[in-house]
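As a basis for the values below, the full set of heavy atoms in this structure was taken, side chains included, without hydrogen atoms, waters or symmetry mates. Positions are given from 1, in the same order as the sequence printed here.
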Amino acid sequence: MTAIAPLMHELIADADAFLSDEHFRSDPDHYARNAIYICPKGDLSLFSLVWLPGQWTPVHDHGSWGVVGVVRGMLEERSYMSVAGEIHGDSGIGLKRGGVTLLSPSAISSFVPNPDHIHMTGVPAERQICVSLHLYGRNMDSFHIYDVAAGTRRLIEVPHYESTG
């Protein structure tokens, strides 16, 4: 992560040079994931995420390392921690709330999968639109979502908009 985070900072600084209009697509129903690059081997992917005010992810994990950088707006991350340590199944999962991180333009955040990074991310309704870049160590086409109250998780496929260029 120490080598990749500075590279994300360079990507953010140069975002206007390589992001096209399609990378700024939004969706009125939920945050939008716009694919910038997905490695054919499936071991790397880069997305621009567009968050309209009031849009949030569910509580989820990644199953991968990742680096996030904010291009514009302010992204809020609400962390969760496993009460028992590592998670070994899809039920009996005790999670408790962790800290809150606010990422302003040019801010970088990174995470590793062991123990997995569990959080929800989004933009409160009173804030402005946010655009962020997300680099993952796999094709981020699925992740676990957690039902905190029920103590369960399930794997879902995560849709995204394809880039044409």
same_hphob_cluster([X], [Y]) at 4.5 Å side-chain heavy-atom cutoff:
| X | Y | result |
| --- | --- | --- |
| Leu155 | Met140 | no |
| Leu49 | Ile118 | no |
| Val50 | Met120 | no |
| Leu46 | Trp65 | yes |
| Tyr146 | Phe143 | no |

To the closest 0.5 Å, what do you measure between [atom1] ([X]) and [atom2] ([Y])?
| X | Y | atom1 | atom2 | answer |
| --- | --- | --- | --- | --- |
| Ser106 | Met8 | OG | CE | 12.0 Å |
| Ser132 | Leu103 | OG | CG | 8.5 Å |
| Leu52 | Asp27 | CG | CG | 8.0 Å |
| Ser64 | Leu44 | OG | CG | 8.5 Å |
| Ile108 | Leu133 | CD1 | CG | 8.5 Å |
| Glu76 | Thr101 | CD | OG1 | 9.0 Å |

Checklist entry - Between Arg138 and Asp43, is there a salt bridge with N-O shorter than 4.0 Å? => result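 So Asp43 does not pair with Arg138 through a salt bridge.
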Item to check | Audit row: Thr152, Asp147, side chain to side chain contact (heavy atoms under 4.5 Å, CB included) steps and yes/no | outcome: CA-CA 5 Å; Thr152 60; Asp147 182 326; 3.5 Å; yes
Checklist entry - Between Asn34 and His23, does any side-chain donor sit less than 3.5 Å from a side-chain acceptor? => result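 No, because no side-chain N or O of Asn34 sits under 3.5 Å from a partner of the opposite role on His23.
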Item to check | Side chains of His134 and Tyr136, donor plus acceptor under 3.5 Å | outcome: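 Tyr136 and His134 do have a side-chain donor-acceptor pair below 3.5 Å.
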Would you confirm whether [X], through its side chain, and [Y], through its main-chain N or O, come within 3.5 Å as a donor-acceptor pair?
| X | Y | value |
| --- | --- | --- |
| Gln55 | His30 | yes |
| Ser82 | Ile87 | no |
| Asp14 | Ala17 | no |
| Thr121 | Thr57 | no |
| His60 | His119 | yes |

Taking all non-hydrogen atoms of both residues, which atom of [X] and which atom of [Y] are closest, and how far apart?
| X | Y | answer |
| --- | --- | --- |
| Ser26 | Ala32 | CA-CB, 3.9 Å |
| Pro105 | Arg72 | CG-CA, 4.2 Å |
| Phe47 | Asn139 | CZ-OD1, 4.4 Å |
| Ala107 | Ile12 | O-CD1, 4.0 Å |
| Arg97 | Met81 | O-CE, 3.8 Å |
| Pro40 | Tyr37 | CD-OH, 3.6 Å |

Checklist entry - Does His160 NE2 have over 12 foreign heavy atoms under 6.0 Å away? => result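 Yes.
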Checklist entry - Take atom CD in Glu157; do more than 12 heavy atoms of anything else shown fall under 6.0 Å from it? => result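 Counting neighbours around CD of Glu157, 12 or fewer heavy atoms of other residues, nucleotides or ligands fall under 6.0 Å, so no.
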Item to check | Trp56 six-ring centre to Arg78 NZ/CZ under 6.0 Å and within 45° of normal | outcome: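 Yes - Arg78 lies over the ring of Trp56, closer than 6.0 Å to its centre and within 45° of its axis.
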Checklist entry - Relative to Tyr161, does Arg33 satisfy both conditions: NZ or CZ under 6.0 angstrom from the six-membered ring centre, and within 45 degrees of the ring's axis? => result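 Checked: cation-pi criterion not met.
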Next on the checklist: Run the side chain to side chain contact (heavy atoms under 4.5 Å, CB included) test on Phe111 and Val67 for me, step by step, so that the C-alpha distance in whole Å, both residues' side-chain angles and the decisive distance to 0.1 Å come before the verdict.
Outcome noted: CA-CA 7 Å; Phe111 50 87; Val67 179; over 6 Å; no
Next on the checklist: I want to check something: taking the side chain as every heavy atom from C-beta on, are Leu95 and Val148 in contact at a cut-off of under 4.5 Å?
Outcome noted: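 Answer yes - side chains close enough.
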Next on the checklist: Among Ile129, Val131, Val70, Leu75, which residue satisfies the side-chain contact (heavy atoms from CB on, under 4.5 Å) criterion with Trp51?
Outcome noted: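 Of all the options given, the one that passes is Leu75.
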Checklist entry - Could you go step by step and tell me if Cys130 and Met74 meet the side chain to side chain contact (heavy atoms under 4.5 Å, CB included) rule? => result CA-CA 6 Å; Cys130 178; Met74 182 182 293; 5.9 Å; no
